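Since the structure is predicted, the reported quantities are computational estimates derived from the model, not experimental observations. Chain letters run A, B, ... following the sequence lines, proteins first and then strands; every chain starts at 1.
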Amino acid sequence: MIQITFPDGAVRQYEAGVTALDVAKSISEGLARKVLAAEVNGEVWDATRPIEQDAALKLLTWDDKGGQNTFWHSSAHLMAEAIEEQFPGVKFWVGPPVENGFYYDVDLGGRQMHEDDLKAIEKRMNELAKQSNPYIRKPIAKAEAVAYFEEKGDEYKLDLLQNLQDGEITFYTQGGFTDLCRGPHIPHTGFIKAIKLTNIAGAYWKGNEQNKMLTRIYGVTFPAQKQLDEYLQMLEEAKKRDHRKLGKELSIFTFDDDVGQGLPLWLPNGTIIIEELEKLAKETEQDAGYKRVVTPHIAKESMYLTSGHLPYYQDSMYPPMELDGTKYYLKAMNCPHHHKIFAAEPKSYKDLPLRLAEYGTCYRYEQSGELFGLMRVRCLHMNDAHIYCTKEQFAQEFRAVNDMYLKYFKIFGIEKYVMRLSLHEPSKLGQKYIDEPELWIETENMVREVLKETGTPFVEVPDEGAFYGPKIDVQIWSAIGREFTLATNQVDFAQGRRFKLEFTNHNNEAETPLIIHRAPLGTHERFIGFLLEHFAGKFPAWLAPLQVKILPISDKFMDYAKSLLAQLKKWDIRAEIDERNEKIGKKIRDTELMKVPYMLVIGEKEQAEGKVAIRRQGKGDMGTEDAAVFIENLKAEISERSKP
RNA sequence: GCCGCUUUAGCUCAGCUGGUAGAGCAACUGAUUUGUAAUCAGUAGGUCGUUGGUUCGAUUCCGACAAGCGGCUCCA
């Protein structure tokens with residue numbers, strides 16, 4: 001007999017060789033029907049794998065991430081079985097579960113897969129699922145496994161085998177498909193009730209663009225049809241929030257073939273949002289002791305050689321313009337220009353910290369396939385600033401920047417984000433990173449300490465630093481689930497020296513300042529793209545391109561409408577009258593769709609009493625109010641930048 | 001940049017196997033003067049992304065290019 005310990009601490013006795021599924025059955029049949037896999041001593045196992053010794057056991061169902069991942073990974077095997085039937089000789093790389101489903105990377109040997117194929121594969125998967133074929137685990141000797149895949153001529157699996165040792169190699173078979181796989185898997189294919197293959201994509205083998213491109217097939221499966229329907233419904237909802245769709249509907253921005261890829265044109269509505277954001281940034285930065293500067297859009301090659309950007313960054317810069325034998329580059333970043341401003345006049349420790357801010361326009365030649373609405377563009381306006389400070393001032397300055405981030409997040413109600421501390425990779429010093437091992441470690445520790453002190457939750461990722469120092473990125477997700485860096489806060493211990501930036505310290509010695517690069521509002525492009533999705537187009541009043549729409553019941557009340565408009569304009573409230581000869585229902589509908597925060601319905605009663613009937617976007621009729629009171633309230637809402 | 005897909009009126013989309021295009025909304029005109037999410041009628045609007053080719057004839061078939069979309073790689 002062996003002892004099985006459950007998560008709640010309960011202990012039960014079972015025969016050695018008992019499976020998690022047996023254990024589940026001993027508890028209840030209903031549970032047994034739901035068990036997908038099991039955590040045995042913290043390791044995820046097949047529910048059908050015999051347990052020979054005392055163990056801690058957690059049964060995994062769809063409600064556990066581990067259960068879900070097992071389910072999707074098993075679905076990838078099921079898909080592979082169907083693909084192998086329809087594309088004989090296909091070779092498989094890996095088929096892991098992902099955030100929403102799974103994929104399998106395959107080499108079709110020069111053949112192509114089309115959407116029609118997906119339907120056929122999906123159909124076959126459904127048939128195979130109904131057969132409830134068990135996933136059978138078989139430990140195998142390395143030599144035998146190698147021989148098997150040599151026979152098949154499958155270089156991908158042979159590559160995987162290279163890194164595996166005897167004793168840790170297993171094959172899994174379900175129906176007519178056998179794969180090298182660590183497992184675990186669900187008990188049988190019958191658990192898979194709803195299947196949707198979502199798309200075909202290319203993916204470089206091992207994620208390296210030097211390697212061959214494999215065909216990646218994405219899919220998602222569920223234990224019940226209803227869950228798939230709900231998932232597809234959710235995707236539809238997400239699409240409605242997509243900033244590209246909303247940007248068009250609300251006339252925020254546009255692209256034009258003649259202007260160029262990735263070069264957004266900001267329409268009047270979008271420009272209003274830009275100006276409001278800049279106003280916020282300028283107020284905030286002024287309060288925090290920043291000074292504003294303005295710099296040109298281009299600079300000579302020599303400056304980017306000094307900064308060290310050119311060797312690291314050249315591929316992402318527009319090619320140079322050559323004039324009189326001198327090369328000029330469009331700036332891809334503002335820092336070198338700002339460094340030159342620091343260097344323009346001698347500095348003493350009394351001048352520090354010096355904080356130079358600019359909404360700088362940068363151009364980056366992003367690869368065409370990378371462009372994505374406003375989230376990834378080639379012309380961007382950065383909420384940039386550089387803080388030059390002493391080592392002693394660093395922690396406080398870095399902390400102040402961090403506080404500014406949090407202040408902004410509060411204003412916008414940004415709650416779902418992850419702070420990511422990006423570190424250097426020691427083996428890449430001198431290639432991807434400035435070769436200053438001690439400074440890397442020292443600054444990374446300084447940043448980590450500040451984050452810990454302020455209690456800011458963060459994750460650390462290796463090998464993601466800027467070439468000149470560690471950085472903190474704020475990661476956010478677009479409506480359709482793509483991850484982006486919204487804002488960034490970087491430490492720079494390299495460029496100060498490269499630009500020979502110096503200040504005179506207390507002891508009358510020349511010292512190089514530390515530099516903090518920061519962009520809490522990221523770029524207008526990405527930030528507004530994000531805000532569109534964040535608010536689903538329903539901007540708070542202070543940001544809304546149009547704040548108030550006056551809707552007269554009929555043109556008999558036009559004079560009153562105009563006098564209201566004049567009053568609103570007096571306070572710089574963005575307002576318009578719907579002068580169309582339409583019924584009120586129509587005017588309301590159109591204004592609702594344009595997501596204007598306030599609608600003022602005015603007719604006989606309102607005109608007679610000097611009132612307005614207020615309608616809040618998305619909330620309906622809010623009742624009647626004196627026009628003057630409404631204006632006072634709205635003025636406060638706008639100046640306080642209240643959320644809706 | 002790479003793999004796959006897509007491109008028809010301002011927008012959203014129809015258009016079977018080749019015979020030069022349709023709808024709804026928007027726009028414009030007229031009627032209606034309207035009380036909280038679509039009043040009615042009429043008019044106008046497209047060399048079917050661009051460009052080669054096949055064909056008596058191409059929006060439709062094939063190629064190239066461009067842009068967009070889904071990924072990969074890369075990034076604010």
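One interatomic measurement links the two molecules: CZ of A/F255 to C1' of B/rC11, which rounds to 18 Å at whole-angstrom precision. The distance from atom NZ of A/K583 to atom P of B/rG35 is 7 Å, rounded to the nearest whole Å. The CD1-P distance, from A/I584 to B/rA37, rounds to 10 Å in whole Å. Between the P atom of B/rG71 and the CG atom of A/D105 lies a distance of 14 Å, rounded to the nearest Å. One can place CD1 of A/I200 at 10 Å from C1' of B/rC3, the figure rounded to the nearest angstrom. Following rounding to the nearest Å, A/Y104 (OH) and B/rC3 (P) show an atom-to-atom distance of 24 Å.
With both ends at atom C1', the span from B/rC65 to B/rU7 equals 14 Å, rounded to whole Å. Using P as the reference atom, B/rA23 and B/rA44 are 12 Å apart when rounded to the nearest Å. Separating the C1' atom of B/rA9 from that of B/rU43 is a span of 15 Å, rounded to the nearest Å. Between B/rA26 and B/rU12, the distance separating the two P atoms is 15 Å to the nearest Å. The gap from the C1' atom of B/rG49 to that of B/rA67 amounts to 8 Å, rounded to the nearest Å.
Among the protein residues, A/Y218 comes within range of the sugar-phosphate backbone only, with heavy atoms under 4.0 Å from sugar or phosphate atoms but none that close to a base. Counting any heavy atom pair closer than 4.0 Å across all strands shown, A/M213 reaches a base atom. Using a 4.0 Å heavy-atom distance criterion, A/D621 is classed as a base contact. Using a 4.0 Å heavy-atom distance criterion, A/A201 is classed as a base contact.
If you check distances only, the side chain of A/E370 never reaches the base of B/rC2 with a donor-acceptor pair under 3.5 Å. Contact annotation: side chain of A/Y204 to base of B/rG1, donor-acceptor pair present below 3.5 Å. For A/E366 against B/rA76, a side-chain-to-base donor-acceptor contact under 3.5 Å is present. In terms of polar N and O atoms assigned as donor or acceptor, the side chain of A/R216 never comes within less than 3.5 Å of the base of B/rC72 in a complementary pairing. For A/R244 against B/rC69, a side-chain-to-base donor-acceptor contact under 3.5 Å is absent. On a pure distance criterion of 3.5 Å, no polar donor-acceptor pair joins the side chain of A/R518 and the base of B/rA76.
With RNA chain B read from its 5' end, the first of the two nearest nucleotides for A/I553 and A/E464 is the one closest to A/I553. Comparing A/G260 and A/D555 by the nucleotide of RNA chain B that holds the closest heavy atom to each, the one mapping nearer the 5' end is A/D555.
Phosphate proximity of B/rA67 to A/Q261: present, with a side-chain N or O under 4.0 Å from OP1 or OP2. Regarding contacts with the backbone of B/rA76, a side-chain N or O of A/K471 is found under 4.0 angstrom from either OP1 or OP2. Between A/K611 and B/rG35, a side-chain N or O to OP1/OP2 separation shorter than 4.0 Å is absent.
In this structure, the side chains of A/D492 and A/C335 stay at 4.5 Å or more apart for every pair of heavy atoms. A 4.5 Å side-chain heavy-atom check between A/M599 and A/E592 finds at least one atom pair inside the cut-off. Looking at heavy atoms from C-beta onward, A/H114 lies out of side-chain contact with A/K119 at the 4.5 angstrom threshold. Here the side chains of A/M419 and A/T456 are in contact, with some heavy-atom distance below 4.5 Å.
The aromatic rings of A/H339 and A/H517 lie perpendicular to each other, with more than 60° between the two planes, well past the 30° mark.
Side-chain contact, A/Q314 with A/Y329: a donor N or O sits under 3.5 Å from an acceptor N or O.
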